[in-house]
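Below: the structure, in structure tokens.
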Amino acid sequence: MKKLLTKIAWMVAGLVLACFCAASTHAQADVESDNYPRLNTVPITSESVKVDFQGSFSLPSEVQCHGHKLAPGKYTLMVKTVGNDKMVTLQREGSDVVLHSRPVTPTSVSDQGHSAVLVRHGPGPGTHTLEGVYVEILKLVLFLDESGHTKPIDKMFASVIRVPIS
């Protein structure tokens with residue numbers, strides 16, 4: 001019985017020692033990883049992003065868009081092409097709001113005038129929704145949020161205000 005307990009104690013001690021020795025060699029590899037060759041890595045190339053349009057505008061009151069509340073003030077707007085999609089980025093005081101858009105040909109929407117942000121009254125009383133962007137250079141209307149005219153009462157009182165982009 002005594003020999004069996006001695007064998008078990010030596011086995012446990014050997015296993016503990018093996019576990020601690022293996023961990024120390026992995027720690028060195030993590031700390032000084034530049035000393036080890038990397039044979040199976042490839043540099044990551046990001047998808048090309050092309051800025052199609054950039055301008056600025058000022059919101060006179062609080063506006064919502066896709067769950068984001070945009071405070072009144074000056075914003076920078078960028079329309080980018082990412083792959084086949086158009087992305088709209090709104091920047092204000094160091095924070096970015098990136099919105100997916102649905103492009104529409106301007107024949108179905110009034111394209112009179114210069115580039116503008118389209119702000120709609122609704123949903124509900126006293127609220128406004130940033131519904132879309134008209135970009136004159138691209139001859140393109142980008143719908144961002146169509147929730148401003150989903151209720152029948154909003155459709156009756158809804159009006160679109162064009163906030164010019166400079």
Side-chain angles (χ1 to χ4, degrees), residues 26-36 38-166:
H26 289 294
Q28 280 183 332
D30 289 340
V31 172
E32 296 186 37
S33 60
D34 293 338
N35 294 337
Y36 299 96
R38 296 182 192 136
L39 303 175
N40 62 346
T41 60
V42 176
I44 298 173
T45 57
S46 63
E47 209 175 313
S48 65
V49 176
K50 178 185 165 197
V51 177
D52 297 322
F53 175 78
Q54 184 170 353
S56 60
F57 66 96
S58 292
L59 288 176
S61 61
E62 184 177 275
V63 173
Q64 61 185 2
C65 187
H66 276 296
H68 300 282
K69 289 193 177 188
L70 306 174
K74 189 169 178 102
Y75 286 85
T76 300
L77 177 133
M78 287 187 289
V79 177
K80 300 176 184 177
T81 301
V82 180
N84 294 331
D85 299 327
K86 297 279 187 197
M87 304 293 285
V88 176
T89 304
L90 303 175
Q91 295 177 330
R92 180 173 187 256
E93 297 176 355
S95 64
D96 291 356
V97 176
V98 179
L99 303 166
H100 295 276
S101 65
R102 182 176 60 88
V104 177
T105 56
T107 55
S108 60
V109 179
S110 174
D111 61 350
Q112 307 278 323
H114 298 289
S115 297
V117 175
L118 309 173
V119 178
R120 181 179 292 274
H121 179 272
T127 60
H128 294 85
T129 302
L130 195 148
E131 186 173 76
V133 177
Y134 169 65
V135 182
E136 183 181 27
I137 296 170
L138 303 175
K139 298 288 184 209
L140 190 65
V141 175
L142 301 170
F143 276 109
L144 303 173
D145 188 351
E146 299 177 60
S147 66
H149 60 89
T150 55
K151 298 177 183 171
I153 193 89
D154 291 331
K155 288 181 183 179
M156 276 183 5
F157 296 109
S159 62
V160 175
I161 302 166
R162 294 174 67 101
V163 178
I165 300 173
S166 56

Q) Would you call L99 and C65 a side-chain contact if the rule is heavy atoms closer than 4.5 Å? A) yes
Q: Working to the nearest 0.5 Å, report the span between NZ of K80 and CG of D85.
A: 14.0 Å
Q. Any side-chain heavy atom of T81 within less than 4.5 Å of one from K86?
A. yes
Q) Got a second to check how far Q54's CD is from T89's OG1, nearest 0.5 Å? A) 10.0 Å
Q.
Quick check: closest heavy atoms across S58 and P60, and the distance to 0.1 Å?
A. O-CD, 3.6 Å
Q: Would you check if V133 and I165 make a side-chain contact, meaning some heavy-atom pair closer than 4.5 Å?
A: yes
Q | Member of V163, V117, V88 meeting the side chain to side chain contact (heavy atoms under 4.5 Å, CB included) criterion with L130 | A | V117
Which atom pairs, donor and acceptor, lie under 3.5 Å between side-chain atoms of residues 67-76 and protein residues at least two apart or in another chain?
| from | atom 1 | to | atom 2 | distance (Å) |
| --- | --- | --- | --- | --- |
| Y75 | OH | A71 | N | 3.0 |
| Y75 | OH | A71 | O | 2.7 |

Q: Not counting sequence neighbours, list each pair that qualifies as a salt bridge (Lys or Arg N to Asp or Glu O under 4.0 Å) and has a residue in residues 88-101.
A: none
Q | Among H128, R162, E131, the one residue meeting side chain to side chain contact (heavy atoms under 4.5 Å, CB included) with V119 | A | H128
Q.
To the closest 0.5 Å, what do you measure between CE (M78) and OG (S56)?
A. 12.0 Å
**Q.** pair M87-V79: side-chain heavy atoms closer than 4.5 Å
**A.** no
Q.
When you compare the side chain of L77 with that of F53, does any pair of heavy atoms fall below 4.5 Å?
A. yes
